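One structure is given below, encoded as structure tokens.
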There are 2 protein chains.
Amino acid sequence: MSGEGTRNAKVPMKEHFGNYMLPIKDALEIFSGKWKIPIITALNFYEKCSFKELERIVEGITPKMLSKELKFLEENMLIAREVKDTRPVTVEYSITEYGKTCRSVMTELYRWGIEHRKKFFNTEEAETWGKGKC
Amino acid sequence: MSGEGTRNAKVPMKEHFGNYMLPIKDALEIFSGKWKIPIITALNFYEKCSFKELERIVEGITPKMLSKELKFLEENMLIAREVKDTRPVTVEYSITEYGKTCRSVMTELYRWGIEHRKKFFNTEEAETWGKGKC
DNA sequence: TATAGTAGTATACTAAAGTATAGTGATATG
DNA sequence: CATATCACTATACTTTAGTATACTACTATA
């Protein structure tokens, strides 16, 4: 990255930058919006959850949004949905192996968020949990 | 993370999860939307850019959105704005030291996006640039 | 029989995000 | 003098994201 950042380099930078942005844009499509990352994070944390549990864990989400985002995440193979033969019927949402690959992204966001919090709120409170491992 | 993911642990999980989500939500507030990450990535790549250059580099952005997002990023100290005494006047936007800390996040998104692309489009094309270093 | 819990869906709405298009005021260039 | 570049701003609009509220169908429990 550093040193390549001038516009007079031999190879057109725009091409390099485009190549770099392309997968980032792919990732953003998956993670965009208010709820996808919280849901993925929750399922990475708890491994398995029912619909109602997710409704409680992901604070503030409405059933409509939860339902919609779960469908999206299932289509993208990040989570799995299994209807359990219980009474009343429960549905188990679980993180897939593929979904677990998101952990590296969440961890980076977590680390960055910790530092941001230190910088802007001048507090280390948030550091009490996890220390960015996970 | 693994092994702690049961709801029967001694300490209420919700509290743990909340502590984990808090900085992630902080980070999401900064990175949310269609344009912030592309702009930050561009300035991390080129180090310095004028308004017009950014308009060209960040493909598809309108001057209104660019202006709005640049203001936001400046307020959050990720970028700096300097009016140059040239004719016509140019404005130099540059990444700050703090803005450079975002690179770890972008790099993770890049890596994840590469793998996602492999999985979903079955192509390794995107791997031609950078190999996730940067 | 009333109440509560399961997993959602339906409808209507608001608010935010983003787009499209044009224009400003300064200065320089042909 | 006409045109172009710079850094934006203004206005109006559309689209999407998200909210609020109510409801369905099923089963269990008091």
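The shown structure was predicted, so the numbers you read here are calculated from the model rather than taken from an experiment. Sequence lines set the chain letters: A, B, ... in the order given, protein chains first and strands last, and positions in each chain run from 1.
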Does a nitrogen or oxygen in the side chain of [X] sit under 4.0 Å from OP1 or OP2 of [N]?
| X | N | answer |
| --- | --- | --- |
| B:Ser67 | D:dA7 | no |
| A:Tyr93 | C:dG8 | yes |
| A:Lys34 | D:dT19 | yes |
| A:Thr90 | C:dA7 | no |

Nearest-Å distance for atom pair [atom1]/[atom2], residues [X] and [N]:
| X | N | atom1 | atom2 | answer |
| --- | --- | --- | --- | --- |
| B:Lys52 | C:dT27 | NZ | P | 18 Å |
| B:Lys71 | C:dG18 | NZ | P | 16 Å |
| B:Lys48 | D:dA7 | NZ | C1' | 18 Å |
| A:Glu29 | D:dT16 | CD | C1' | 14 Å |
| A:Leu66 | D:dG18 | CG | C1' | 13 Å |
| A:Ile37 | D:dA17 | CD1 | P | 15 Å |
| A:Glu92 | C:dT6 | CD | P | 15 Å |
| B:Phe72 | C:dG18 | CZ | C1' | 16 Å |

Base, sugar-phosphate or nothing for [X]? Non-hydrogen atoms, less than 4.0 Å.
| X | value |
| --- | --- |
| B:Thr86 | nothing |
| B:Lys36 | nothing |
| A:Lys84 | nothing |

Using 0.5 Å steps for rounding, measure from the [atom1] atom of [X] to the [atom2] atom of [Y].
| X | Y | atom1 | atom2 | value |
| --- | --- | --- | --- | --- |
| B:Leu78 | B:Phe31 | CG | CZ | 6.5 Å |
| B:Glu92 | B:Glu53 | CD | CD | 9.0 Å |
| B:Arg111 | A:Glu108 | CZ | CD | 8.5 Å |
| B:Asp26 | A:Glu115 | CG | CD | 12.0 Å |
| B:Trp112 | A:Ile24 | CH2 | CD1 | 13.0 Å |

Counting heavy atoms from C-beta on, name the nucleotide in [options] closest to the side chain of [X].
| X | options | answer |
| --- | --- | --- |
| B:Phe51 | C:dA7, D:dA7, C:dT6 | D:dA7 |
| B:Glu69 | D:dT9, C:dA7, C:dG18 | C:dG18 |
| B:Met65 | C:dT19, C:dT6, D:dT9 | C:dT19 |
| B:Thr62 | C:dA20, C:dT9, C:dA7 | C:dA20 |
| A:Val91 | C:dT6, D:dC8, C:dA7 | C:dA7 |

* Check the angle between the aromatic planes of B:Phe120 and B:His116 and answer parallel, tilted or perpendicular using the 30° and 60° thresholds. =>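 B:Phe120 vs B:His116 ring planes: tilted.
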
* Between B:Lys64 and B:Lys68, just flag the one whose closest nucleotide in DNA chain D comes earlier from the 5' side. =>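 Here B:Lys68 is the residue nearer the 5' end.
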
* Pick the nucleotide of DNA chain D nearest each of A:Trp35 and A:Arg87; which residue has the one closer to the 5' end? ->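 Result: A:Trp35.
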
* Using the closest heavy atom to pick a nucleotide of DNA chain C for each, name whichever of A:Leu70 or B:Ile61 lands nearer the 5' end. =>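 So the residue in question is A:Leu70.
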
